Amino acid sequence: MIRDARVLRAGFVPREVEHRDAEINHLSSVLEPITNDEPADTAIVTGPSGAGKTCISKFVTEQLREEVLDVETTYVNCWRNYTRFRTLYQILDDLGASLDIHRQSTPHDELVDRLQQHDGPRTVVILDEVDQLEDPGLIYDLHSLPQFAIICIANKEEELFSRVDERLVSRLRSSEHVRMDKYHDEQLHDILRARAKWGLEEDVITDRQLYQIADAAAGDARLAIGILRTAAGKADRGNRTRIPNEVLVGAAEDARAQIKQRSLDSLTPHQRVVYAVVRDHGPLGPSTIHEHYIEKVDDPRTKRTVRTYLSKMVQYNLLEAEGTSRDREYSLVDSVTASPSRSDS
DNA sequence: GTTCCACAGGAAAATATGGAGG
DNA sequence: CCTCCATATTTTCCTGTGGAAC
């Protein structure tokens with residue numbers, strides 16, 4: 001059934017990227033100066049999730065490393081490393097210059113100094129989910145270091161710009177901007193077919209089924225590949241030689257549930273209680289949520305903290321917020337997943 | 001229109017957590 | 001073990017906004 005599982009994993013960068021030639025060329029041309037050992041501009045890549053932002057960024061930097069000997073690349077997910085310190089540390093670590101850093105002895109700006117003094121090969125820094133960074137000023141610091149080229153990946157351009165200050169906005173506006181859109185069903189189908197070709201045995205899945213997956217994924221390539229992966233995994237465990245349609249339907253739900261479960265797992269117990277309150281008692285305003293929450297917990301947090309939880313869960317796409325001020329209500333983000341796991345208080 | 005209230009979300013102070021060094 | 005230090009989380013305090021009652 002499965003020929004090469006790597007191809008189906010999230011984060012796999014294929015040797016040929018489908019339907020993104022224009023974007024890839026654009027991004028390569030921004031990094032072009034590096035091949036002549038000259039400083040390159042900052043690039044901004046924006047687009048909805050699963051549009052291939054991370055994929056083409058990694059692809060282009062890989063390509064660059066094939067062409068040029070003296071170039072390093074590093075990838076930082078700012079969603080995981082959202083503090084200034086962690087992001088810088090991650091970069092230094094990738095460059096192998098983090099050895100003697102102790103938190104006590106290294107005030108903030110020394111990390112930047114350290115990067116500045118770094119006279120290794122030119123380096124491309126990919127900052128993924130850069131809009132999750134709590135201090136976007138970090139971009140400015142990196143921006144001013146000529147030996148680093150930066151690729152900023154974000155969902156929406158406006159959200160990124162609204163959080164940085166004037167001087168940085170003007171510098172970023174002049175930098176090259178690669179915009180990406182959702183894939184069409186056709187394109188998604190091609191991507192899936194390529195993955196199925198390398199990742200699965202022959203005739204495991206029909207073209208029609210690939211279209212079904214593409215349809216269910218609604219333009220999100222990451223989700224589409226996730227569905228294909230779980231479907232193949234299930235069929236494999238069931239010792240099937242093909243993927244039956246029933247499995248496919250289940251896989252679409254599973255893949256969504258998995259993504260949701262992963263964000264749910266990253267919540268603290270208190271946050272989970274708040275989530276449960278909203279789940280069990282329909283759309284509610286913050287005060288009502290807090291009242292319910294207080295009853296279910298020994299040492300309740302304050303209203304303000306619960307509000308922070310709520311907005312965090314909105315960011316995670318677990319909840320939806322409707323209304324602007326007094327009439328705001330939170331509700332579960334609508335998904336057709338009937339979760340059979342009912343947890344306790 | 002004015003007033004009032006619930007809310008959003010920023011800033012800073014307060015408190016909890018975790019790792020290194022004694 | 002304890003202390004120190006930086007980070008992480010929570011609380012307190014606050015300003016600005018918009019809908020609803022007056």
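Naming: A, B, ... by sequence-line order, numbering from 1 per chain. Below, each value reflects all heavy atoms present in this structure, side chains not excepted, and no hydrogens, waters or symmetry copies. Nothing here was measured: the structure is a model prediction, and the numbers come from that model.
- Whole-Å rounding puts the A:Gln315 CD to B:dG9 P distance at 9 Å.
- The side chain of A:Ser287 lies closest to B:dA6 when the candidates are B:dA6, C:dT11, C:dG19.
- Taking side-chain N and O atoms only, A:Arg326 has no distance below 4.0 Å to OP1 or OP2 of C:dG18.
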Validation: residues 64-75 of chain A side-chain donor-acceptor distances under 3.5 Å, sequence neighbours left out:
{"from": "A:Arg65", "atom 1": "NH1", "to": "A:Val71", "atom 2": "O", "distance (Å)": "3.4"}
{"from": "A:Thr74", "atom 1": "OG1", "to": "A:Asp94", "atom 2": "OD2", "distance (Å)": "3.2"}
{"from": "A:Tyr75", "atom 1": "OH", "to": "A:Asp128", "atom 2": "OD2", "distance (Å)": "2.5"}

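- Put simply, CG on A:Leu319 is 12 Å from P on B:dA8, counting in whole angstrom units.
- Side-chain N/O atoms of A:Tyr309 include one lying less than 4.0 angstrom from OP1 or OP2 on C:dT10.
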- Go through the steps to decide whether A:Cys152 and A:Ile139 satisfy the test side-chain contact (heavy atoms from CB on, under 4.5 Å), and finish with yes or no. CA-CA 9 Å; A:Cys152 292; A:Ile139 304 170; 4.2 Å; yes
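- Contact annotation: A:Thr324 does not reach the phosphate of C:dG18 (side-chain N/O to OP1 or OP2, under 4.0 Å).
- Dashed line: the shortest gap from a side-chain N or O of A:Arg328 to OP1 or OP2 of B:dA8 is under 4.0 Å.
- For B:dA8, neither phosphate oxygen OP1 nor OP2 lies less than 4.0 angstrom from any side-chain nitrogen or oxygen of A:Ser325.
- With 3.5 Å as the limit, one finds no donor-acceptor pair spanning the side chains of A:Arg262 and A:Ser266.
- Rounded to a whole Å, the CZ atom of A:Arg301 is 10 Å from the C1' atom of B:dA16.
- Distance CZ (A:Arg304) to C1' (B:dA13): 14 Å, rounded to an integer number of Å.
- Put simply, NZ on A:Lys312 is 16 Å from C1' on B:dG9, counting in whole angstrom units.
- Residues A:Leu145 and A:Ile150 form no side-chain contact, since every pair of their non-hydrogen atoms from C-beta on lies 4.5 Å or further apart.
- Nucleotide B:dA6 holds its C1' atom 12 Å from the CD atom of A:Glu291, rounded to whole Å.
- For A:Arg307, counting side-chain heavy atoms from C-beta on, the closest listed nucleotide (C:dG19, C:dT11, B:dC7) is B:dC7.
- Between A:Lys303 atom NZ and C:dT9 atom P the separation is 24 Å, expressed in whole Å.
- Judged as a salt bridge (charged side-chain N to carboxylate O under 4.0 Å, His left out), the pairs with a partner in residues 226-248 of chain A (not counting sequence neighbours) are, in order, A:Lys234-A:Asp254.
- Distance A:Glu322 CD to B:dA8 P: 13 Å, rounded to the nearest Å.
- Contact annotation: A:Tyr330 side-chain N/O to B:dC7 OP1/OP2 distance is not under 4.0 Å.
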